[in-house]
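Right, one structure below, let's go through it.
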Amino acid sequence: MIHLLAAIVPPVPIDSGSTAWMLTSSALVLLMVPGLALFYGGMVRRKNILTTMMHSYVAMAVIGVQWVTVGYAIAFGQSHGGWFGWSWPAVGLHGITPASMYADKGIPEFVFIMFQGKFAIITPALISGAVAERMKFSSYVVFILLWSTFIYCPLAHWVWATGGWLFNYGVLDYAGGTVVHISAGVSALVLSYMLGPRRDHPEGTLLPNNLVLTLLGAGLLWFGWFGFNAGSAVGIEHPVAGASAGLAFATTQTAAATAALVWMLIEWQHTGKPTSLGMASGIVAGLVAITPAAGHVMPLSAMVIGAVASLVCFYAVRLKSRLGYDDSLDAFGVHGVGGIWGALATGLFAVTPVAGLFAGNAAQFTKQAVGVGVTIAFAALGTWVIAGLVKATMGLRVSEQQERDGLDITIHGERGYHF
Amino acid sequence: MIHLLAAIVPPVPIDSGSTAWMLTSSALVLLMVPGLALFYGGMVRRKNILTTMMHSYVAMAVIGVQWVTVGYAIAFGQSHGGWFGWSWPAVGLHGITPASMYADKGIPEFVFIMFQGKFAIITPALISGAVAERMKFSSYVVFILLWSTFIYCPLAHWVWATGGWLFNYGVLDYAGGTVVHISAGVSALVLSYMLGPRRDHPEGTLLPNNLVLTLLGAGLLWFGWFGFNAGSAVGIEHPVAGASAGLAFATTQTAAATAALVWMLIEWQHTGKPTSLGMASGIVAGLVAITPAAGHVMPLSAMVIGAVASLVCFYAVRLKSRLGYDDSLDAFGVHGVGGIWGALATGLFAVTPVAGLFAGNAAQFTKQAVGVGVTIAFAALGTWVIAGLVKATMGLRVSEQQERDGLDITIHGERGYHF
Amino acid sequence: MIHLLAAIVPPVPIDSGSTAWMLTSSALVLLMVPGLALFYGGMVRRKNILTTMMHSYVAMAVIGVQWVTVGYAIAFGQSHGGWFGWSWPAVGLHGITPASMYADKGIPEFVFIMFQGKFAIITPALISGAVAERMKFSSYVVFILLWSTFIYCPLAHWVWATGGWLFNYGVLDYAGGTVVHISAGVSALVLSYMLGPRRDHPEGTLLPNNLVLTLLGAGLLWFGWFGFNAGSAVGIEHPVAGASAGLAFATTQTAAATAALVWMLIEWQHTGKPTSLGMASGIVAGLVAITPAAGHVMPLSAMVIGAVASLVCFYAVRLKSRLGYDDSLDAFGVHGVGGIWGALATGLFAVTPVAGLFAGNAAQFTKQAVGVGVTIAFAALGTWVIAGLVKATMGLRVSEQQERDGLDITIHGERGYHF
Amino acid sequence: MKLIIAVIRPEKLDAVQSALQGALDEGDGYRVTVQTVDGHGRQAGEVEYFRGQPVRQRLVQKTQITIGVNDKYVEPAIQAILSAAKTDKGEIGDGKIFVLPLEECIRIRTGERGGSAI
Amino acid sequence: MKLIIAVIRPEKLDAVQSALQGALDEGDGYRVTVQTVDGHGRQAGEVEYFRGQPVRQRLVQKTQITIGVNDKYVEPAIQAILSAAKTDKGEIGDGKIFVLPLEECIRIRTGERGGSAI
Amino acid sequence: MKLIIAVIRPEKLDAVQSALQGALDEGDGYRVTVQTVDGHGRQAGEVEYFRGQPVRQRLVQKTQITIGVNDKYVEPAIQAILSAAKTDKGEIGDGKIFVLPLEECIRIRTGERGGSAI
Ligand SMILES: Nc1ncnc2c1ncn2[C@@H]1O[C@H](COP(=O)(O)OP(=O)(O)O)[C@@H](O)[C@H]1O
Ligand SMILES: Nc1ncnc2c1ncn2[C@@H]1O[C@H](COP(=O)(O)OP(=O)(O)O)[C@@H](O)[C@H]1O
Ligand SMILES: Nc1ncnc2c1ncn2[C@@H]1O[C@H](COP(=O)(O)OP(=O)(O)O)[C@@H](O)[C@H]1O
């Protein structure tokens with residue numbers, strides 16, 4: 001998303017078509033949260049399904065409140081030197097009226113705020129894949145609140161807000177390769193190291209309780225991702241429901257399909273078993289990788305991006321058993337690695353509105369690499385500090401007995417199923 | 001929804017953006033019905049899951065037909081003294097053409113009819129939460145048909161149709177606090193008294209069969225509710241996809257998030273267990289309470305409305321064991337109580353297009369109180385008469401053995417799961 | 001969908017409202033694929049749930065790639081004598097730019113391509129209902145790839161592309177009665193004969209593993225179908241989000257509701273048990289039958305179409321045990337029979353933009369009958385050839401032991417549930 | 001010592017547990033192991049419908065309870081089950097009780113054996 | 001009286017039930033209690049995959065059937081199970097039959113005891 | 001021959017299986033049948049919450065294992081279970097072992113009977 005400072009553009013009348021699409025997109029991105037809850041929830045053991053789903057749902061509650069309170073102000077308020085935003089009227093949105101328009105896009109500012117708020121909600125929820133089955137729920141809640149405020153919001157400001165320093169430098173991130181996926185994926189990796197592996201992890205009979213949910217979750221994510229990516233045309237053009245949105249929709253669809261196909265073929269080749277979890281993983285890997293590139297590349301490039309995404313993620317996931325960390329549901333393996341590939345690939349394949357390496361503009365690739373490097377460093381360091389603080393004060397892990405008996409009954413006082 | 005009489009305004013050309021948003025909103029509201037089916041279905045015991053879901057699905061079938069046959073004519077036909085509507089061309093929609101436009105909103109009348117029809121469908125389905133696990137299916141079908149025709153349609157006319165007496169009086173109900181939630185919630189309460197409690201209820205080992213479904217249902221409801229509330233801008237302004245819709249979207253999101261957070265905190269405080277059912281209940285309570293207020297209040301007020309909604313609903317739900325009625329899934333506790341609070345809160349916090357008490361217009365609060373009182377009285381009395389008739393002729397309850405063996409197998413000849 | 005050749009019309013500016021609706025519709029149709037996966041997946045036995053869902057998901061992967069590679073070129077490229085299309089720039093979409101507009105509809109061509117691509121994905125997935133629980137997965141993948149390329153794409157060209165011979169002849173098919181449902185349903189029948197029945201089929205204790213999924217799937221299908229049908233206004237008028245879309249939305253809703261109600265009443269009458277599977281089947285039958293007629297008929301006609309759809313499909317499904325083929329999940333009984341009825345009914349009830357028999361234009365009924373006949377013949381013959389080839393080279397069926405142990409574990413190396 | 005295995009109606013489990021508590025609890029609770037089974041007796045399985053076609057299940061869902069008891073508690077346990085598991089007038093499907101000889105019983109927590117471990 | 005407990009392949013249950021019906025039905029049906037179990041014998045558990053990583057299950061799903069019979073029906077019941085539960089040439093995983101002494105049997109519906117209650 | 005039935009904590013199953021393998025495997029694997037049960041012993045059931053209202057479950061989930069053994073393996077099997085199923089200091093809920101006389105054992109695959117079939 002690239003956008004201009006609202007203050008300096010003359011008011012534009014409401015464009016009902018663009019507003020319709022942005023309302024729809026915001027709703028679609030919200031639906032990704034239950035989608036993610038199912039995707040992750042299906043993969044854990046029965047005794048931890050509710051707590052895993054709650055990791056996503058509680059983000060809707062906590063970040064939902066944080067965003068309208070201060071999050072939006074930090075991410076999209078008046079820029080302070082390119083490092084963070086702050087605008088008093090944006091606090092609690094108290095100074096924004098229904099008539100306030102967002103930039104020159106013909107949509108109410110409230111709609112833009114909501115669309116962005118959904119991104120702020122889903123990003124910390126992505127991290128939860130790494131901490132499944134062992135993190136204390138209270139610590140998780142505090143962690144995502146701090147992480148969103150001190151990592152996500154500034155990063156969104158750097159990359160997406162007019163005046164953000166990476167925005168000024170020229171990093172392209174259509175819908176959140178760096179801001180959303182790399183930041184979440186890298187933080188997931190750091191957190192999984194800090195937490196340590198699940199106690200019964202190496203023995204490894206940790207079979208998913210309900211792959212139907214995982215498949216359904218992947219389907220809802222795919223559906224919602226059209227809002228995520230094609231709605232991000234809001235950063236590019238007016239009307240929002242136009243050429244850029246159409247392109248982003250087409251590349252999103254193409255990358256997801258190709259990645260799903262390639263992951264399946266890799267599995268068929270390796271083990272002879274094309275799994276449904278592989279199908280779901282391929283879908284998500286393709287969607288992640290195309291995110292930063294969606295409105296910048298052509299569909300044939302999206303195919304390549306999707307195909308390579310499955311290749312690198314498939315092998316990244318296998319790395320984990322060798323390196324000994326326990327990224328339970330591969331938040332880093334899929335979102336981190338897929339996001340890094342996608343952000344770099346944007347620098348390779350971009351054609352609109354800026355050219356990438358293959359279109360003769362090597363400088364863009366450098367910018368993308370810088371964007372990736374900065375995001376990795378900031379997210380890793382920030383997570384290490386925040387999680388360290390939480391560990392020192394509240395602890396990060398549940399007790400051994402809670403882990404053994406399952407987090408659903410011990411933390412939430414419930415069981416997922418009573419059959 | 002406030003709207004003008006179609007007949008007296010000059011034709012307005014199609015506004016494709018508004019039409020796009022209203023088509024989307026109508027589809028979103030339909031999706032709330034499966035969402036509700038899951039929300040409720042997950043909470044009952046395994047032996048009653050299908051019949052509980054069927055309570056929602058059959059409303060799509062029965063009210064879906066009733067609405068296009070006579071429902072729309074009663075609710076939105078030419079007003080007869082403000083009490084009910086009737087227009088011959090609206091019967092079977094036979095006099096409405098694809099070119100018929102709705103009022104001055106730039107959308108085809110068919111789209112408005114469909115949007116409203118989805119409200120008519122979901123409202124009786126809400127009631128079903130109170131009758132779960134013991135009501136005769138045939139009686140339920142007859143009941144909702146009569147209830148929709150003689151309670152819902154007139155009430156919608158009173159409050160929403162141009163010329164409706166409560167509309168003229170000035171009651172604000174943006175998307176259905178009185179018409180939908182209070183009417184359904186109060187009727188649920190009356191019905192649960194008339195049915196009596198489930199036989200094995202007081203012993204109380206009635207644990208939900210599948211909370212995953214309940215969480216997913218709450219997620220789908222949240223998603224669909226954006227259509228419900230932000231689509232209700234159709235009553236306020238042109239283009240429909242504009243400032244009012246943007247505001248309604250923002251308050252809906254904010255109230256739901258805040259209510260979910262507050263319900264969780266209350267539970268944490270009370271029992272030490274933040275449950276997933278509490279999360280789902282908080283979401284729904286917040287959505288219910290913001291419904292009448294959505295396009296009338298600012299986001300900060302939405303926070304207060306959501307927070308208080310969880311407080312009052314949480315305690316209302318606990319009341320039930322003391323008062324001895326068996327509102328199985330808390331249709332009254334959440335929709336009735338949340339709706340009453342929301343309708344009153346609209347009178348407190350409204351700022352646009354009419355001011356409420358806190359903005360210096362105490363009269364609006366009085367109007368809201370009258371709206372609430374009238375709705376409670378009408379719904380309670382009407383339900384008592386209709387359910388009384390059904391009880392006298394068909395009976396309301398299943399046999400003891402059917403209740404024991406479960407309604408799925410005895411009424412529908414099926415079991416939810418064959419694992 | 002009726003549309004004009006893009007080349008001969010002057011460029012039209014982007015209409016953001018139409019684009020918003022087509023983006024939304026495309027997303028909605030994608031969601032129908034997970035919806036179908038659940039609808040079918042819930043009906044099979046536990047040991048085959050994943051493979052059944054994968055039949056739908058793999059279509060997203062395989063046809064998703066095929067469509068942007070060659071499918072769109074064959075279906076909607078420059079017509080070669082009305083028989084098939086081909087345009088070099090459409091191959092890999094490499095010659096299409098974000099600025100390319102579709103015909104005179106004010107939407108980017110990419111959006112039209114995506115919308116159509118979702119139809120291409122779901123159609124072969126519909127067939128999978130007939131082959132459930134016994135078809136080799138690899139053969140299925142090859143089959144749908146060939147079937148889509150050599151049956152679906154040409155048929156879409158004949159009926160929907162400017163210059164297609166059935167299009168020129170005047171067959172009406174608003175959203176895919178012939179192209180989608182008849183072709184899939186008839187192919188399903190042929191395939192179920194070629195495969196033979198499941199080994200333990202006649203004994204018939206084949207109870208559905210999870211009807212909750214089937215109900216949810218039917219709900220998602222209903223929701224997505226609004227995009228399928230009301231999005232198909234793209235073939236009729238500009239703006240797309242206008243009168244025709246509104247009509248199609250209204251008839252879709254009405255037919256689905258009526259069919260659901262009628263199927264329930266038939267069951268109540270026959271067995272005394274109104275089942276949830278009947279509810280789900282009625283919904284789908286109604287949606288199928290209204291598909292070709294959606295924007296051509298009035299709501300009262302939609303009621304008749306829906307009611308008759310449930311009648312004919314209910315009895316068609318019962319035929320199967322008498323004729324001895326094993327169309328496991330009634331892909332022919334519902335989609336084939338419902339589609340034939342719908343396509344013929346379009347010739348009876350059409351009023352806009354062309355009249356049908358009851359409006360005095362008997363010729364239209366003849367055209368519909370020809371369209372139905374041609375589709376049946378082409379699909380049956382084509383499937384017989386393609387499936388014959390696959391059978392001769394790869395075989396169609398799994399081994400006896402794989403069938404006994406379930407396809408999930410033997411083919412995909414997974415189990416749906418670990419409870 | 002005996003091992004009592006009883007197959008009962010699922011909906012009678014609560015009543016049977018209460019009756020067993022009455023008969024067996026000596027202050028330290030009563031002990032029972034419960035499982036879900038499917039049975040075939042004179043009672044026929046239920047009929048379900050699949051798209052209009054009736055499918056008769058061969059089996060009916062039942063609940064099986066297993067109790068290890070010292071000899072003097074055998075008869076009280078049987079009486080408790082009989083009284084609580086029987087429907088009003090006794091209906092087909094009420095279930096059955098089997099009594100098996102039990103040679104040894106060991107409490108895992110303590111390693112105790114025999115009658116006191118039960 | 002004996003209590004026969006047999007562990008068989010799940011897919012053989014239908015055949016075993018039919019065979020038992022043939023061997024035991026005296027006109028008032030046959031009686032059996034069925035449950036789902038997991039077993040470990042010479043047969044190895046299945047391999048599943050989780051994101052490309054093979055996971056070998058230690059246990060295989062089996063079906064356990066329990067039948068209380070009078071002494072003269074013990075051998076017919078065993079033969080019925082043997083004939084119906086065995087795969088063509090007999091394969092590892094076909095299962096096992098255990099026969100236990102049964103001291104008492106009580107029909108809950110009537111309170112009858114002993115051989116006639118079985 | 002004896003039939004050993006043990007009720008243990010579900011989370012101990014892996015350890016018990018390994019211990020049994022150590023005690024019983026003579027090169028052709030060890031044999032055991034496992035099922036999920038619900039138990040009531042001195043250990044109380046868990047408390048769940050339904051909209052703020054606590055619901056105490058009467059039963060706790062347990063795992064039951066069944067092993068047919070020849071007489072000389074009875075004690076090793078018991079010791080294996082005891083050592084693996086017991087929590088550190090022994091806690092309420094650790095479970096129980098029952099030993100029943102087993103009259104006959106038949107391998108379905110071969111029809112072998114008796115000690116060699118076990
Ligand atoms: N002889 C038996 N062997 C195994 N299970 C039995 C036996 N008799 C009864 N059962 C179990 O008890 C359940 C109820 O039996 P029921 O129909 O009441 O027996 P009856 O027909 O002897 O009165 C059956 O479904 C079955 O699970
Ligand atoms: N001695 C035993 N004790 C308990 N269960 C047994 C025993 N032997 C066999 N089983 C059960 O029977 C199932 C099938 O055994 P199988 O592999 O056919 O035995 P075998 O290896 O002796 O031929 C096992 O999975 C297990 O559930
Ligand atoms: N006498 C018994 N009869 C049946 N099951 C028993 C018996 N004793 C124990 N169990 C089973 O073992 C489980 C654990 O028992 P536990 O609480 O450890 O026993 P104890 O209180 O004797 O130490 C119980 O939940 C129950 O399933």
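In what follows, chains are A, B, ... by sequence order, proteins preceding strands, each numbered from 1.
- Proximity to chain A (any heavy atom under 4.5 Å) is restricted, for Y417(B), to the side chain, taken from C-beta onward.
- When each of K47(B), R46(B), Q253(B) is checked for heavy-atom pairs under 4.5 Å with chain A, Q253(B) comes out on top.
- Among the candidates S276(B), A230(B), A243(B), the residue making the largest number of heavy-atom pairs closer than 4.5 Å to chain A is S276(B).
- Here A20(A) is the residue among A20(A), G64(A), G117(A), G17(A) with the most heavy-atom pairs under 4.5 Å with chain B.
- Residue contact with chain B, scored on non-hydrogen atoms closer than 4.5 Å, involves the backbone and the side chain of V58(A) alike.
- Proximity to chain A (any heavy atom under 4.5 Å) is shown, for S18(B), by both the backbone and the side chain.
- When the options T52(B), D408(B), D200(B) are evaluated for a side-chain hydrogen bond (donor to acceptor under 3.5 Å, both in side chains) with R45(B), the one that passes is D200(B).
- Neither the backbone nor the side chain of I49(B) comes within less than 4.5 Å of any heavy atom of chain A.
- Donor-acceptor pairing under 3.5 Å is lacking for the side chains of E237(A) and S244(A).
- Between chain B and the residues G416(A), S26(A), A61(A), P239(A), the most heavy-atom pairs under 4.5 angstrom are made by A61(A).
- Under the 3.5 Å distance criterion, the side-chain polar atoms of W67(A) are left unmatched by any main-chain donor or acceptor of T254(B).
- With T69(A) contributing its side chain and G92(A) its backbone, the two residues share no donor-acceptor pair below 3.5 Å.
- Judged by distance alone, with hydrogens and angles left aside, the side-chain atoms of N229(B) form no donor-acceptor pair with the main-chain N or O of A248(B) at under 3.5 Å.
- Looking at P299(B), the atoms closer than 4.5 Å to chain A (heavy atoms on both sides) all sit in the side chain, from C-beta outward.
- A salt bridge links R198(B) with E133(B): at least one charged nitrogen is closer than 4.0 Å to a carboxylate oxygen.
- If you check the side chains of D405(A) and T410(A), you find no donor sitting under 3.5 Å from an acceptor.
- In terms of non-hydrogen atom pairs under 4.5 Å with chain A, the most contact-rich of P274(B), G219(B), G246(B), A260(B) is P274(B).
- Only the side chain of I121(A) comes within contact range of chain B, judged by heavy atoms closer than 4.5 Å.
- If you tally non-hydrogen atom pairs under 4.5 Å between each of L261(B), N209(B), V262(B), T214(B) and chain A, the highest count goes to N209(B).
- With a 4.5 Å cut-off on non-hydrogen atoms, L216(A) touches chain B through its side chain but not through its backbone.
- For D15(B), the part sitting under 4.5 Å from any heavy atom of chain A is the side chain, from C-beta outward, and nothing else.
- Within the 4.5 angstrom heavy-atom criterion, atoms from both the backbone and the side chain of A245(B) approach chain A.
- There is a side-chain donor-acceptor pair under 3.5 Å between T97(A) and S100(A).
- Chosen from F110(A), F137(A), F419(A), the residue pairing most often with chain B at heavy-atom distances under 4.5 Å is F419(A).
- In terms of non-hydrogen atom pairs under 4.5 Å with chain A, the most contact-rich of G282(B), P208(B), A257(B), A280(B) is A257(B).
- Most heavy-atom pairs under 4.5 Å with chain A: of the set F223(B), W222(B), W268(B), this distinction falls to F223(B).
- Taking each heavy atom of G295(B) and L247(B) in turn, the nearest pair found is O-CD2, 3.4 Å.
- In this model, a donor atom of one side chain and an acceptor atom of the other lie less than 3.5 Å apart for T291(B) and W225(B).
- Checked by atom type and distance alone, the side chain of H412(A) never pairs as donor or acceptor with a backbone atom of T275(B) at under 3.5 Å.
- In terms of non-hydrogen atom pairs under 4.5 Å with chain B, the most contact-rich of L30(A), V111(A), V141(A) is L30(A).
- Ranked by heavy-atom pairs under 4.5 Å with chain B, the first of A99(A), A27(A), S138(A), P34(A) is A27(A).
- A parallel orientation is assigned to the rings of F112(A) and Y102(A), their planes being inclined by less than 30° (bins at 30° and 60°).
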